Undergrad: 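The structure that follows is given in the form of structure tokens.
This one's a predicted model, so the numbers in the text were calculated from it and none came from an experiment. Numbered from 1 within each chain, the chains take letters A, B, ... in sequence-line order.
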There are 2 protein chains.
Amino acid sequence: MSDEADAANAAPSLDQARRQIERYGLSADPQSVLVAVRLMAAGARLGQASEVHFARFGLSTGRYRLLVDLEDHQGEKSPSQLAASLGVSRATVTGLVDGLERDGLVARRASAEDGRGAVVVLTARGAQRLRDMAAEHFARLQALVSGLTPDERGVFLDLLARITQGIGALTAETP
Amino acid sequence: MSDEADAANAAPSLDQARRQIERYGLSADPQSVLVAVRLMAAGARLGQASEVHFARFGLSTGRYRLLVDLEDHQGEKSPSQLAASLGVSRATVTGLVDGLERDGLVARRASAEDGRGAVVVLTARGAQRLRDMAAEHFARLQALVSGLTPDERGVFLDLLARITQGIGALTAETP
DNA sequence: GAGAAGTGATTAGGGAGCTAACTATTTGGG
DNA sequence: CCCAAATAGTTAGCTCCCTAATCACTTCTC
């Protein structure tokens, strides 16, 4: 393991948070700041690891999520619906579908009801890809959280949900 | 709130996880999978919110982290050191410094000891920018986790650290 | 001490996401 | 009934981060 990997693994410390707060004579709670910063760091690292994971199957996180969403809806959904359920913009869906279509995992069809609309269809090849990767995928996800007992996982879900509600505080108009 | 915003806020459910696992006749634990998926979703949402937050001050998450890291080292550090401590590639540091230099928050100097090396220096303007945003920044971070009691924050830090150790399971060679 | 190997920084190019602007179609109000 | 407003999808152009390749300098080895 190189310095670089070590540093990437090194989580920010409570002392760093304290020092930063004191530098400006503020009264923020260092532990609260640490939780926020650690969660951000963990999210970023997990996101990158996720891309590495999916790249093994010729996918990305976004592409995989789109395929699964499609499979959960009988293999058919409009780009707008996909954008809504994935929580990304329609433009992003266009890009993801472009890539998946190029690989033959998905196909585009014109909508029967709406002349403006389109339908994205999961191909046999796309369904097969999901089948091929399922065992390894879920095994790795399970390994990710294997450091926690079932009870602890329940607690974690609860706490995470409550922090998630606070995300609005970062983007809200008034501090 | 539109459908889109609702969907973005809607966390993946335990039933979705269960359905996915059963579809392939696997034996993975749905709750474990749910924890992994929720954490990824939360990380992605937090990352985006973070960009919105820092954009208010003319920065991005990466640029802010670089400035803080610099400030923590007497305002001077080489690009390689920055890459290591931020956990990003040297190429990324080049890009971040390009942007910060354009805004006058940072300057590049040649290294005295090593003819190949460079030193990134925090300018007065960069230090001022950090000072200007500190109060609001920390207040928002604190608000982010205000849904948790101090005890719960401690528990969360512990659980998060243990999951973070499991991230390697996603990228490891052998499943 | 000169060539080979290693290291620091940058450049080039790619993927994922975004917003804004554009096209085509549908819907709805006068 | 027809024109204006809304909606579906795409395109263009931006940022962030990545890897791989390149250039310049240092260090190590013989």
Undergrad: In whole angstroms, how far is the C1' atom of D/dT10 from the CD atom of A/Glu101?
TA: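 Rounding to the nearest Å, CD of A/Glu101 and C1' of D/dT10 are 13 Å apart.
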Undergrad: What is the separation between atom CD on A/Glu113 and atom C1' on C/dT27, rounded to the nearest whole Å?
TA: 16 Å
Undergrad: With nearest nucleotide decided by heavy atoms, which residue, B/Gly95 or A/Ala91, maps closer to the 5′ end of DNA chain C?
TA: B/Gly95
Undergrad: For B/Ser78, answer base if it contacts any base atom (sugar-phosphate contacts may also be present), sugar-phosphate if it contacts only those atoms, and nothing otherwise; contact means non-hydrogen atoms under 4.0 Å.
TA: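 Counting heavy atoms under 4.0 Å across all strands, the contact made by B/Ser78 is with sugar-phosphate only.
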Undergrad: Start with the C-alpha gap between B/Arg153 and A/Asp29, add the side-chain angles, then the distance that decides, and say whether salt bridge (charged side-chain N to carboxylate O under 4.0 Å, His left out) holds.
TA: CA-CA 11 Å; B/Arg153 293 198 286 265; A/Asp29 169 40; 3.2 Å; yes
Undergrad: Might you work through the ring-ring contact (aromatic ring centres under 6.0 Å, His included) test for A/Phe57 and A/His137, ending with a clear yes or no?
TA: CA-CA 10 Å; A/Phe57 309 103; A/His137 172 63; 7.6 Å; no
Undergrad: Check the pair A/Arg125 / A/Asp103 against salt bridge (charged side-chain N to carboxylate O under 4.0 Å, His left out), numbers first and verdict last.
TA: CA-CA 9 Å; A/Arg125 189 148 179 238; A/Asp103 290 352; over 6 Å; no
Undergrad: Looking at B/Arg19 and B/Asp15, is any side-chain nitrogen of the basic one under 4.0 Å from a carboxylate oxygen of the acidic one?
TA: no
Undergrad: Within less than 4.0 Å of OP1 or OP2 of C/dG6, is there a side-chain N or O belonging to B/Arg116?
TA: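 So the side chain of B/Arg116 is outside the cut-off, no N or O lying under 4.0 Å from OP1 or OP2 of C/dG6.
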Undergrad: Testing the 3.5 Å rule here: is there a donor-acceptor pair between the side chains of B/Ser32 and A/Gln142?
TA: no
Undergrad: Can you check whether A/Ser60 has a side-chain N or O nearer than 4.0 Å to OP1 or OP2 of C/dG15?
TA: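 No, A/Ser60 has no side-chain N/O under 4.0 Å of OP1/OP2 on C/dG15.
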Undergrad: Find the distance A/Asp103:CG to C/dG15:C1' and express it as a whole number of Å.
TA: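 Rounded to the whole Å, the gap is 13 Å.
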Undergrad: Does C/dG8 have OP1 or OP2 under 4.0 Å away from a side-chain N or O of B/Arg90?
TA: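 True: B/Arg90 side-chain N/O within range (under 4.0 Å) of C/dG8 OP1/OP2.
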Undergrad: What is the separation between atom CZ on A/Arg65 and atom C1' on C/dG17, rounded to the nearest whole Å?
TA: 12 Å
Undergrad: Side-chain N or O of A/Ser89 less than 4.0 angstrom from OP1 or OP2 on C/dG17?
TA: no
Undergrad: Please state how far atom CD in B/Glu51 lies from atom P in C/dC18, giving the value in whole angstrom units.
TA: 12 Å
Undergrad: Once you round it to whole Å, what is the distance between C1' of C/dA9 and CG of B/Leu96?
TA: 14 Å
Undergrad: Taking the side chain of A/Gln48 as heavy atoms from C-beta outward, which of D/dC17, C/dG8, D/dA8 is closest to it?
TA: D/dC17
Undergrad: So which nucleotide from C/dG17, D/dA8, C/dT10 ends up closest to the side chain of B/Thr94?
TA: C/dT10
Undergrad: Let me know the distance between CZ of B/Arg45 and P of C/dA16, rounded to the nearest Å.
TA: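 In whole Å, C/dA16 P and B/Arg45 CZ are 22 Å from each other.
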Undergrad: Whole-Å distance between D/dC16 P and B/His53 NE2?
TA: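 Distance check: B/His53 NE2 to D/dC16 P gives 15 Å.
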Undergrad: Need to verify one output field. Residue with the more 5' nearest nucleotide on DNA chain D, A/Asp114 or A/Asp98?
TA: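 Nearer the 5' end of the strand: A/Asp114.
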Undergrad: Base, sugar-phosphate, or nothing: which does A/Ser80 touch, judged by heavy atoms less than 4.0 Å apart?
TA: sugar-phosphate
Undergrad: Check the phosphate of C/dT10 against B/Arg108, side-chain N and O only, distance under 4.0 Å to OP1 or OP2. Yes or no?
TA: yes
Undergrad: Kindly point out which of D/dC18, D/dC16, C/dT25 is positioned nearest to the side chain of B/Arg63?
TA: D/dC16
